[in-house]
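The following block contains the structure, expressed as structure tokens.
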Amino acid sequence: MHKIAVIPGDGTGPEVVREGLKVLAAVSEVEGFEYETVEYDFGGDRYLRTGEALPDAALEELRAVDAIYLGAVGHPDVAPGILEKGLLLRLRFELEQYINLRPVKLYPGVDCPLKGKTPEDIDFVVVRENNEGLYTGSGGFTYKGTANEVAVQEMINTRFGVERCIRYAFDYCRRRDDEKKLTLCAKTNVLTYAHDLWWRTFNEVGEEYPDIERDYAHVDATCMWMVKNPEWFDTIVTCNMFGDIITNLGAMIQGGMGIAAGANINPDGVSMFEPIGGSAPKYAGKDVINPLAAICAVGMMLEQLGESKSARRVEQAVMWVTANKLSSLAAGKMGHSTQQVGDLVAQAVGEVPAEA
Ligand code: IPM
Ligand code: MN
């Protein structure tokens, strides 16, 4: 029995999570695994009511579940950073989800903004470090609000944190597919301490993986190649901030935020799965947002829970729907409502074979 905590969150989060859970129910029916869900109402509304983003007691409960399924955080009436730091980043850090795994895959039938690129060309994964870098909140102000103000935001890189991320990336690259290339995306020409540590660690750990080709690209070049030659990439490993940025670029070349999913992984603990886009308040409650990213996040969750066949079924069903049913992946332009897209995938899960 898998115990899944569900945090629908803000904006369109609840709508897309509902469709993800619909698909989860459908695939559990087909494959016969059991699960239970526990829902938590964290997010902007609760914060505005109670002043709490994530109560300590709830965090303790979340340590005991098998997975967390998150919709979106971000509320127009809550100042930037409060929910992000208090809820999303706090979960990532407290639960030591040190990997943020973000596949960039162009599915059949999906419009790609890159001329001439097909699903054959766009199929790679970004392994983003998820617990360090510029995200630790280390730093501060002096003389705040004066002409002499100094703002420091420190980029924290530990050998331990960098190494476990790089090791995960090599292992992941090895098991992902037949292509065996790991690209380190960094900025060794400027971050001559922080990314020197990444570079040395990458090469030292890489010696243990002679079957995997080591490749390097500066982050600015990575952005260029992702647009010009996305077929060059297989697995990319990168720091927290660069991973944040390049995965939004990745989302665009795979068809938009409507399809991009990610997993916050603690390989030895509790992992959390989410669509990588935001709460899109302007679309909330309109039944127009694309739920596929949230549905793909369910696929990633099933993989992590050991339900690999179910995970493949979800992905195949999504691919069947993008290939045959949708006029676009954009909100309001899919040719179907949010709920109808969920229905289509839920139905396809039992009808499309798990293997392509
Ligand atoms: C993401 C988001 C978050 C991040 C924000 C909401 C803190 O952009 O998941 O990519 O920067 O990691
Ligand atoms: Mn982001």
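Just so you know, ligand 1 is whichever comes first in the structure, and atom 1 is the first atom listed for that ligand.
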Open item on the list: For Phe141, give me all partners under ring pair (Phe, Tyr, Trp, His ring centres under 6.0 Å), at least two apart in sequence or on another chain.
Closed with: none
TODO: Give a yes or no on whether the ring-centroid distance for Tyr216 and His195 is below 6.0 angstrom.
DONE: no
Open item on the list: Is the positively charged end of Arg102 above the ring of Tyr172, judged by distance under 6.0 angstrom from the centroid and angle within 45° of the axis?
Closed with: no
Open item on the list: Is a donor from one side chain sitting under 3.5 angstrom from an acceptor on the other, for Arg92 and Asn131?
Closed with: no
- [ ] Kindly give the atom name of the N, O or S atom of Asp244 closest to the Mn ion (ligand 2).
- [x]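 It is OD1 of Asp244.
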TODO: Answer with yes or no after comparing the ring centroid distance for Phe202 and Phe170 against a 6.0 Å cut-off, counting only values under it.
DONE: yes
Task: Set of residues that line ligand 1, where lining means a heavy atom lies under 4.0 Å from it - done: Glu84, Leu88, Arg92, Arg102, Arg128, Tyr135, Asp244
- [ ] Specify whether Tyr98 and Tyr168 have parallel, tilted or perpendicular ring planes, treating 30° as the upper limit for parallel and 60° as the lower limit for perpendicular.
- [x] perpendicular
